[in-house]
There are 2 protein chains.
Amino acid sequence: MNKRKTNTTEASILKAAKTIFLHKGMDGARMQEIADEAGINKSMLHYYFRSKELLFKAVFMEAFSTLAPQLNEILNADSSICDKIKGFSHNYITFVIAHPYLPNFILQEMNRNNEFVNDLISKNHFPSIKKFKLQVKEKVADGTLRPIKAEHLFINIMALNIFPFVASPLLKKVLDTSDTQFKNLIEERKTEVAEFIINAIKV
Amino acid sequence: MNKRKTNTTEASILKAAKTIFLHKGMDGARMQEIADEAGINKSMLHYYFRSKELLFKAVFMEAFSTLAPQLNEILNADSSICDKIKGFSHNYITFVIAHPYLPNFILQEMNRNNEFVNDLISKNHFPSIKKFKLQVKEKVADGTLRPIKAEHLFINIMALNIFPFVASPLLKKVLDTSDTQFKNLIEERKTEVAEFIINAIKV
DNA sequence: GTCTATAGCCAGATAGAC
DNA sequence: GTCTATCTGGCTATAGAC
């Protein structure tokens with residue numbers, strides 16, 4: 001009985017905290033706002049998570065844990081480079097359409113350079129680029145790919161997939177698009193991005 | 001005499017405010033910290049700029065005014081698309097190496113969605129994509145360019161140039177590079193990015 | 001476990017002497 | 001114009017009743 005209440009309250013706090021932290025960041029978020037969002041008393045936040053920082057850590061880790069593994073589709077899968085790029089772009093964009101604030105939140109908090117964010121990440125068995133590096137080197141050597149460093153290719157894949165979500169307010173202004181039109185553009189990018197990259201690297 | 005002191009003090013406040021706001025954002029910045037950075041008394045900030053918000057607006061506008069005009073090299077120059085991409089990538093990356101916190105600051109504050117940021121920007125004769133759209137359409141029609149929407153090409157150019165600066169903490173971890181190695185990668189991108197894009201769009 | 005009330009602190013802003 | 005001192009409000013966090 002106690003256990004059940006603990007679980008549901010704790011979960012609703014986490015859910016509310018996620019909403020607020022993702023929209024406003026650590027510095028902009030208010031404990032009161034999170035409590036209101038969860039429909040419970042502010043002191044409950046401290047009862048369950050002890051401090052704003054610990055609550056934030058929980059949210060950040062959960063957010064990070066959903067994004068980091070997706071990189072493995074590029075870095076550690078066994079498929080061809082083309083298939084990786086097609087698969088990742090489609091899956092990643094589909095996922096982020098459903099969670100549009102995630103990428104900006106992660107990047108922003110990593111840029112704030114708190115020791116703990118970087119600590120948490122280091123410990124969290126970060127995906128390594130090692131295997132991908134070998135694969136690219138090999139394909140460049142045998143002439144299947146234009147000469148390109150794996151590092152640049154990886155940065156480019158990330159950039160083309162992630163950037164539109166991080167820069168959407170700016171892009172909407174320059175492109176002079178409505179929200180609906182912008183959504184359509186993003187939808188198109190599920191295939192557009194992979195096509196663009198593959199054209200860039202194929203011989 | 002008074003005039004000179006006004007100018008130098010006001011300038012040193014603005015400079016300090018730029019440093020602090022760019023590193024910490026509106027929410028994370030403290031007026032005391034800005035005063036310390038400028039080496040003057042906190043009440044001077046209010047004497048010259050009246051409030052934190054007005055000081056922030058001044059900083060944001062100055063930052064935005066240095067970045068926005070650079071988009072014109074892509075959007076409104078008279079050169080060929082290839083030359084635009086080469087020129088912009090080289091110039092933009094060179095500029096941001098010297099001001100690495102600028103892009104993240106602008107994107108972050110636009111994402112906070114304060115009315116005033118969006119208002120300020122709307123009034124600031126934002127560069128339009130109109131001319132670039134015509135140019136791309138024309139080149140696609142006459143077969144000089146692979147079929148691509150101007151919107152996607154523009155997003156891609158922005159993404160490939162800006163993203164590495166916004167995501168540097170993440171990229172450094174995944175790529176497992178030192179600061180020096182990462183700087184070298186960025187340096188390479190002055191030409192690498194344009195090459196990549198041109199390969200992607202040429203027939 | 002959940003609430004109310006409040007402690008304690010720190011930030012932005014102002015008053016007023018010089 | 002520049003300083004010191006201080007007000008005021010809002011925020012995190014906790015004490016304590018239920």
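Just so we're clear, the structure is a prediction, and the values are computed from it rather than from any experiment.
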Visitor: What is the distance, to the nearest angstrom, from the NE2 atom on B:H46 to the P atom on D:dT2?
Guide: 16 Å
Visitor: In whole Å, I'd like the distance from the OH atom of A:Y47 to the P atom of C:dG1.
Guide: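 Rounded to whole Å, this separation is 5 Å.
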Visitor: Could you check how far CZ of B:F56 sits from C1' of C:dA11, rounded to whole Å?
Guide: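 About 17 Å, once rounded to whole Å.
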Visitor: Provide, to the nearest angstrom, the distance between the CG atom belonging to B:L54 and the P atom belonging to C:dG12.
Guide: 14 Å
Visitor: Report each atom pair, protein N/O against N/O of nucleotides 16-18 of chain C, whose distance is under 3.5 angstrom.
Guide:
none

Visitor: Only counting residues at least two apart or in another chain, list the ones meeting salt bridge (charged side-chain N to carboxylate O under 4.0 Å, His left out) with A:R30.
Guide: none
Visitor: Considering residues at least two apart in sequence or located in another chain, which fulfil the side-chain contact (heavy atoms from CB on, under 4.5 Å) criterion with B:N76?
Guide: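 Residues passing side-chain contact (heavy atoms from CB on, under 4.5 Å) with B:N76: B:N72, B:K131.
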Visitor: D:dA13 C1' sits how many Å from A:Y48 OH, rounded?
Guide: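 Atom OH in A:Y48 sits about 18 Å away from atom C1' in D:dA13.
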Visitor: With B:T94, which residues qualify under side-chain contact (heavy atoms from CB on, under 4.5 Å), at least two apart?
Guide: B:H90, B:K190
Visitor: Step through it carefully: locate the ring centre of B:F105, locate the ring centre of B:F21, and say whether they are under 6.0 Å apart.
Guide: no
Visitor: Could you tell me which residues satisfy side-chain contact (heavy atoms from CB on, under 4.5 Å) with A:K18, sequence neighbours excluded, listed by chain and number?
Guide: A:L22, A:V59, A:E62
Visitor: Which residue pairs pass the ring-ring contact (aromatic ring centres under 6.0 Å, His included) test with at least one member in residues 66-88 of chain A, sequence neighbours excluded?
Guide: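 Passing the test, one end in residues 66-88 of chain A: A:F88-A:Y92.
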Visitor: According to ring pair (Phe, Tyr, Trp, His ring centres under 6.0 Å), who are the partners of B:H99, at least two apart in sequence or on a separate chain?
Guide: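 For B:H99 the ring pair (Phe, Tyr, Trp, His ring centres under 6.0 Å) partners, ignoring immediate neighbours, are B:F95.
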Visitor: Do the side chain of B:R112 and the main chain of A:K24 share a donor and acceptor less than 3.5 angstrom apart?
Guide: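 Answer holds: no.
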Visitor: Please determine, for the side chain of B:M44, which listed nucleotide (C:dG1, C:dT14, D:dC3) has the closest atom?
Guide: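 So the nucleotide nearest the side chain must be D:dC3.
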Visitor: Going by heavy atoms closer than 4.0 Å, what residues in residues 29-41 of chain A are next to DNA chain D?
Guide: A:A29, A:R30, A:M31
Visitor: Whole-Å distance between D:dT2 C1' and B:I13 CD1?
Guide: 11 Å
Visitor: CG of A:L45 versus C1' of D:dC11: gap in Å, rounded?
Guide: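 Going from A:L45 (CG) to D:dC11 (C1'), I get 13 Å.
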Visitor: What is the distance from NZ of A:K42 to C1' of C:dA5, rounded to the nearest Å?
Guide: 11 Å
Visitor: Only pairs at least two apart or in different chains count here, so list each ring-ring contact (aromatic ring centres under 6.0 Å, His included) that has a residue in residues 155-174 of chain A.
Guide: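 As it turns out, there is no ring-ring contact (aromatic ring centres under 6.0 Å, His included) pair with a partner in residues 155-174 of chain A once direct neighbours are skipped.
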